[in-house]
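One structure below.
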Amino acid sequence: MLDTSEFRAALGLFATGVTVITTLDDDGEPHSMTANAFSSICLDPPTVMVCIAHGTNTHGFMEKTSKFGVNILRQEQQELGAHFAKKPEDRTADVEFNYSKADDQLPVLNGSMVFFGCEVLGSHVYGDHTIYVGLVKEMRRNESGAPLMFYNSRWYNPAED
Ligand SMILES: Cc1cc2nc3c(=O)[nH]c(=O)nc-3n(C[C@H](O)[C@H](O)[C@H](O)COP(=O)(O)O)c2cc1C
């Protein structure tokens, strides 16, 4: 058996970008959570995947609405990445952000590098996570600047480290 903390540490050596997954809550209001378990799948059909823990609010909202947005963060949005990694009741810091509406009402986190608006095509439950395959129905790009990155359990800027 693998030692869990060693496994976690080894996985942390895979440097990733950082996204915020946007959904609609039970009142139709925007909800956001930070996620780095994101990957492209195919160009045709245009598909991506995210891996969402069952303990999150986001999981419940995705199960109900069958759609989600992926917002790729830029370096200047590190504070937002940290903010949306907290449980909503702990999001007490005064962090500035705002949303636009995508075609299908999904929230677009303004200032992100890229937004993908996705419809859930399929899902696979494994352990305490669900892998969602999303068909990308809308895309918005604004990619000037550098991406926010996460590596070894911390925010990472290759230009500084
Ligand atoms: C860098 C980073 C990446 C994360 N990636 C994921 C992820 O891919 N999937 C996931 O379920 N949680 C991920 N989390 C944890 C969620 O952001 C966290 O549980 C959040 O509080 C969930 O919010 P919610 O319950 O309101 O949806 C990540 C956290 C950080 C800091």
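In each ligand, atom 1 is the first atom listed, and ligand 1 is the first ligand listed. Predicted model, so just to flag it, every value in this text is computed and none were measured.
The existence of a salt bridge linking Arg140 and Glu138 is confirmed by a sub-4.0 Å separation between a basic side-chain nitrogen and an acidic carboxylate oxygen. Ion pairing between Glu119 and Lys137 holds under the 4.0 Å rule for side-chain N and carboxylate O. Between Lys64 and Asp26, at least one side-chain nitrogen of the basic residue sits less than 4.0 Å from a carboxylate oxygen of the acidic one, meeting the salt-bridge criterion.
Within the 4.0 Å heavy-atom shell around ligand 1 one does not find Val18. Between Arg154 and ligand 1 there is no heavy-atom distance shorter than 4.0 Å.
Residue Phe38 does not touch ligand 1, judged by heavy-atom distances below 4.0 Å. With a 4.0 Å cut-off on non-hydrogen atoms, Cys51 touches ligand 1 through its backbone and not its side chain.
The shortest N or O to N or O distance between Ser32 and ligand 1 is not below 3.5 Å. Not one N or O of His129 is nearer than 3.5 Å to an N or O of ligand 1, by distance alone. Residue-to-ligand polar distances place His31 within reach of ligand 1: an N/O pair is separated by less than 3.5 Å.
Nearest residue to atom 25 (O) of ligand 1 from Lys87, His59, His83 is Lys87 (criterion: closest heavy atom). Nearest residue to atom 7 (C) of ligand 1 from Pro88, Gly12, Ala35 is Ala35 (criterion: closest heavy atom).
Residue-ligand proximity, Phe150 to ligand 1, at heavy-atom distances under 4.0 Å covers atoms 1 (C). Taking every heavy atom of Ile52 and a limit of under 4.0 angstrom, the matching atoms of ligand 1 come to 11 (O). The distance from ligand 1 to the heavy atoms of Thr58 drops below 4.0 Å at these ligand atoms: 27 (O). Taking every heavy atom of Asn57 and a limit of under 4.0 angstrom, the matching atoms of ligand 1 come to 24 (P), 25 (O), 26 (O), 27 (O). Residue Arg91 has at least one heavy-atom neighbour below 4.0 Å for each of these atoms of ligand 1: 23 (O), 26 (O). Atoms of ligand 1 found under 4.0 Å from any heavy atom of Phe84, numbered from 1 in the order shown, are 17 (O), 20 (C). Distances below 4.0 Å separate heavy atoms of Ala53 from the following atoms of ligand 1: 10 (C), 11 (O). Within the listing of ligand 1, atoms 8 (O) sit less than 4.0 angstrom from a heavy atom of Ala37.
Nearest approach of Pro107 to Tyr99, heavy atoms of both residues: CB-CD2, 3.7 Å. Considering all non-hydrogen atoms of both residues, Ser112 and Leu73 come closest at OG-CD2, 4.0 Å.
Nearest non-hydrogen protein atom to atom 10 (C) of ligand 1 is Met33 CE, 3.1 Å. What sits closest to atom 28 (C) of ligand 1 on the protein, heavy atoms only, is Thr34 O, 3.4 Å. Closest protein heavy atom to atom 20 (C) of ligand 1: Ala85 O, 3.4 Å. Of the protein's non-hydrogen atoms, the one nearest atom 19 (O) of ligand 1 is Thr56 CG2, 3.9 Å. Closest to atom 3 (C) of ligand 1, if we only count protein heavy atoms, is Asn36 OD1, 3.3 Å.
Atom CD of Glu76 is surrounded by more than 12 heavy atoms from other residues, nucleotides or ligands within 6.0 Å. In the displayed structure, Leu11 atom CG is contacted under 6.0 Å by more than 12 heavy atoms of other residues, nucleotides or ligands. Atom CZ of Arg91 sits in a crowded spot, with more than 12 heavy atoms from other residues, nucleotides or ligands closer than 6.0 Å. Heavy-atom neighbours of Lys87 NZ from other residues, nucleotides or ligands within 6.0 Å: above the threshold of 12.
Taking the six-membered ring where the residue is Trp, Phe97 and Phe84 present perpendicular rings, their angle passing 60° and hence far from 30°.
Under the side chain to side chain contact (heavy atoms under 4.5 Å, CB included) test applied with Asn71, the options Thr34, Ile21, Val108, Val18 reduce to a single match, Val108.
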- Task: Given side-chain hydrogen bond (donor to acceptor under 3.5 Å, both in side chains), test Thr130 with His54 step by step and report yes or no.
- Result: CA-CA 7 Å; Thr130 295; His54 293 165; 2.7 Å; yes
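Side chain of Thr56 to backbone of His59: a donor-acceptor contact under 3.5 angstrom is found.
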